[in-house]
Structure formats: structure tokens, C-alpha cells
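Here the structure comes first, spelled out in C-alpha cells, and everything after it is commentary.
Note: hydrogens, waters and symmetry copies are ignored here, and every other heavy atom, side chains too, is used.
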Amino acid sequence: MDQIKLFFFPYGGGSAMVYLKWKKYLDHSIKLVPVELAGRGKRFNESCYGNLDQAVADAYHEVRRQLDTAKFAFFGHSMGSLIGYELAHQLQEKDGISPMHLFFSGRAAPHVQKEKKLLHTFPEAEFCDEIFKLGGTPRELFNCRNLLDIYLPVLRADYRIIETYQYSERTKQLDCAITVFNGTEDDTTEQEMTEWQQHTVGKFTLQNFSGGHFFIHDHTKEICQIINSTLLTAELKDGNTRVFD
């Protein structure tokens, strides 16, 4: 059985390397591939993106050069869901290829219009308070000026590209199945997550977990079990070629 490449896209302010700890829960036939974005990790010295289109174009380059197999899938949380969604469309439209499956979490469907606070425009103290409320970022970081000077510009830039994102309706839906993960205490409702089904002609599945926006850190093992089952079942169905539900 050929290995399936599972590309991971980070959430706002995060590094894709946070997903490396997921490797121990993934089946050996699934290769974890973190897609590091500019401004963080090994790309710390590179400028952050001005808009989501730039982030997607960069991710396209990073992913496309690693597609030496037809068997691949995407996982994205929050901002990473938007990048994965737009990238899947680019691959389908430009290259005629699609992931086996898309796994998205912590983000309403891209067409869902929600009132935006435009956090990226907030003064530093208010911005930090809002970020802390989301969870996932220790209070100690906000109390360390040196760390804050490194972290805040990346986080603010990520919020800018998220909050200025403009959804464009496609004439053609995605042809791969989508599974979305929802935190029941997040500010994204189950109905908003269900709206993802409008973006694919394939199978759609919603999985609910307890917790807030960063529920994925508390349910990593369970999420990976779903990923394993989903991708390996698709692999058994497909044989040597992919067939979409």
C-alpha cells in the first residue's frame, strides 16, 4: 500500500510543526506533512502575507512540489481550513487533481457571513485580551515582552488575512469528501459547520467534540482515529486509483 500524504495547515499565529505530535496517533501508512507558512518556524525571517491569496499561492507551491503520489489529503484548523479549502480549488482548477479527503475544523464554511470584530485593528492590550479568551495561548506569553514582540506581528498578520478574506462562489464544487470537526463550546455553531456540505459533491461528515476553539489539542487521539479510519477505508475502496464518494 502506497503511503498517503496528509498535509497539515496551521491556525492563526501557529506553526504547522505543532502537528508533529500527532504522528504517534496516525497509521503508519499516513505520512504527516506540515506546511509551514511564512513568518514562523524555519521561515521566521520571511515576511508575513498581506492577504489570504498570497498564503494560498505560497501553500500551492509548497504542496505541489511534494505531490509525487496521487494519494494525499488536507487537514486545517481555523485559518488552516480556509487555506486548505482555497488550495483544493486551485489544484482542481489548475491541475485537475483533488485530495482524497479534506478535514477541516474550528472554522465555519467559507460562504457563511459572520459579524467581524476586525481584531487585527485593535490596540495591543485589547487584541491580547481577545486572543487570550480564545484559549490555546498561555498567559505567560502575554507577560513576556520579548516573546510578545515575536508572536504578535505574526498573529496580527494572520488575523488580517482571515478578517479581510472575501469568499468567491465557484461554478464547480469540490469533488472530494469533507469531514469537519466542531468544538461544541466554540463560537462557531453546528449549523455553520454543516454548511461545509455545500462545497462538495462528495460525502460530508460532521464530528462534534467537547471544548472551545482549540478542542483539537484535547481530542487529538480521537481525531486521528477518525482520520485513520476515513483514509484507510477510502484506500481499500480505491485500490490503485481514487474514487470519490
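Nearest heavy atom pair, residue C48 against residue G39, reads SG-CA, 4.2 Å. Among all heavy-atom pairs drawn from H219 and S210, the shortest one is NE2-O, 2.9 Å. Smallest separation of non-hydrogen atoms from P10 and A16: CB-N, 3.7 Å. What you find for T184 and N208 is that their closest heavy atoms are CG2-CB, 4.0 Å. For the residue pair L119 and R156, the shortest heavy atom distance occurs at O-NH1, 4.0 Å. A38 and S47 get closest at one heavy-atom pair: CB-O, 3.3 Å.
Between the side chain of T200 and the backbone N or O of D175 there is no donor-acceptor pair closer than 3.5 Å. Judged by distance alone, with hydrogens and angles left aside, the side-chain atoms of Q54 form a donor-acceptor pair with the main-chain N or O of G50 at under 3.5 Å. Judged by distance alone, the side chain of D27 and the main-chain N or O of I30 form no donor-acceptor pair under 3.5 Å.
Applying the ring pair (Phe, Tyr, Trp, His ring centres under 6.0 Å) test to H120 and every residue at least two apart in sequence or in another chain returns nothing. Residues meeting the salt bridge (charged side-chain N to carboxylate O under 4.0 Å, His left out) test with D158, sequence neighbours left out: R40. By the side chain to side chain donor-acceptor pair (under 3.5 Å) test, D149 pairs with R145, sequence neighbours left out. Listed by chain and number, the residues in a side chain to side chain donor-acceptor pair (under 3.5 Å) with T188 amount to none (sequence neighbours excluded). For D95, the salt bridge (charged side-chain N to carboxylate O under 4.0 Å, His left out) criterion is met by R64, not counting sequence neighbours. Scanning for ring pair (Phe, Tyr, Trp, His ring centres under 6.0 Å) contacts around F74 gives F9, F72, with sequence neighbours left out. Evaluation of the side chain to side chain contact (heavy atoms under 4.5 Å, CB included) rule for K221 yields Y25, Q225 as partners, not counting sequence neighbours. Every residue meeting the side chain to side chain donor-acceptor pair (under 3.5 Å) condition with E195, not counting sequence neighbours, appears here in chain and number order: H111, Q191, Q198. Residues passing the side chain to side chain donor-acceptor pair (under 3.5 Å) test with K94, sequence neighbours excluded: Q90. Legend: residues meeting ring pair (Phe, Tyr, Trp, His ring centres under 6.0 Å) with Y19, ordered by chain and number and at least two apart, are F8, W22, F75. By the salt bridge (charged side-chain N to carboxylate O under 4.0 Å, His left out) test, E36 is found to be paired with no residue, residues two or more places apart in sequence or in another chain being considered.
Looking at heavy atoms from C-beta onward, L82 lies out of side-chain contact with E86 at the 4.5 angstrom threshold. Proximity of T220 to I216: side-chain heavy atoms (C-beta onward) are nowhere separated by under 4.5 Å. Residues I226 and Q207 have side chains in contact (heavy-atom distance under 4.5 Å, counting atoms from C-beta outward). The shortest distance between side-chain heavy atoms of M100 and I4 falls below 4.5 Å. Taking 4.5 Å as the limit, every side-chain heavy atom of T194 sits out of range of all side-chain heavy atoms of T189. Using a 4.5 Å heavy-atom threshold, the side chains of L231 and K71 count as separate.
Of the inter-residue distances, the one linking F103 atom CZ with T205 atom OG1 reads 9.0 Å to the nearest 0.5 angstrom. One finds the CG atom of L32 at 12.0 Å from the NZ atom of K5 (value rounded to the nearest 0.5 Å). To the nearest 0.5 Å, atoms CG (L206) and CD1 (I178) are separated by 12.0 Å. Between the CG atom in L26 and the NZ atom in K24 there is a gap of 11.5 Å [rounded to 0.5 Å]. One distance of note links OG of S78 with CD1 of I83; it measures 10.0 Å at 0.5 Å rounding.
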Checking side-chain hydrogen bond (donor to acceptor under 3.5 Å, both in side chains) for the pair H77/S105: CA distance, chi angles, key distance, verdict?
CA-CA 5 Å; H77 180 73; S105 72; 2.5 Å; yes
Which is it for E192 and R107 under the salt bridge (charged side-chain N to carboxylate O under 4.0 Å, His left out) test, yes or no, and what are the steps along the way?
CA-CA 8 Å; E192 290 169 343; R107 171 78 195 191; over 6 Å; no
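Cluster annotation: I97 is connected to L102 through the hydrophobic network of ILVMFWY side chains, with a link wherever side-chain heavy atoms come within less than 4.5 Å. Transitive grouping of hydrophobic side chains (ILVMFWY, heavy atoms separated by less than 4.5 Å) brings F104 and V63 into a common cluster. I223 and L20 fall within the same hydrophobic cluster, where Ile, Leu, Val, Met, Phe, Trp and Tyr residues are linked whenever their side-chain heavy atoms come under 4.5 Å apart, directly or through other members. When hydrophobic clusters are built by joining Ile, Leu, Val, Met, Phe, Trp and Tyr residues whose side-chain heavy atoms come closer than 4.5 Å, directly or via intermediates, L174 is not grouped with V112. Put simply, M17 and L155 are part of the same group of oily side chains (I, L, V, M, F, W, Y) that touch within less than 4.5 Å, one to the next.
Ring-centre distance between F204 and W196: not below the 6.0 Å cut-off. Aromatic rings from H213 and F215 are positioned such that their centres are separated by 6.0 Å or more.
A ring pair (Phe, Tyr, Trp, His ring centres under 6.0 Å) with F214 holds for exactly one of F209, Y11, F181; it is Y11.
Counting only residues at least two apart or on different chains, the ring-ring contact (aromatic ring centres under 6.0 Å, His included) pairs with a member in residues 152-179 are F127-Y159, Y167-H199.
With salt bridges taken as basic N to acidic carboxylate O contacts below 4.0 Å, none links E163 and R160. Under the 4.0 Å criterion applied to side-chain N and carboxylate O atoms, D58 and R43 are assigned as salt-bridge partners.
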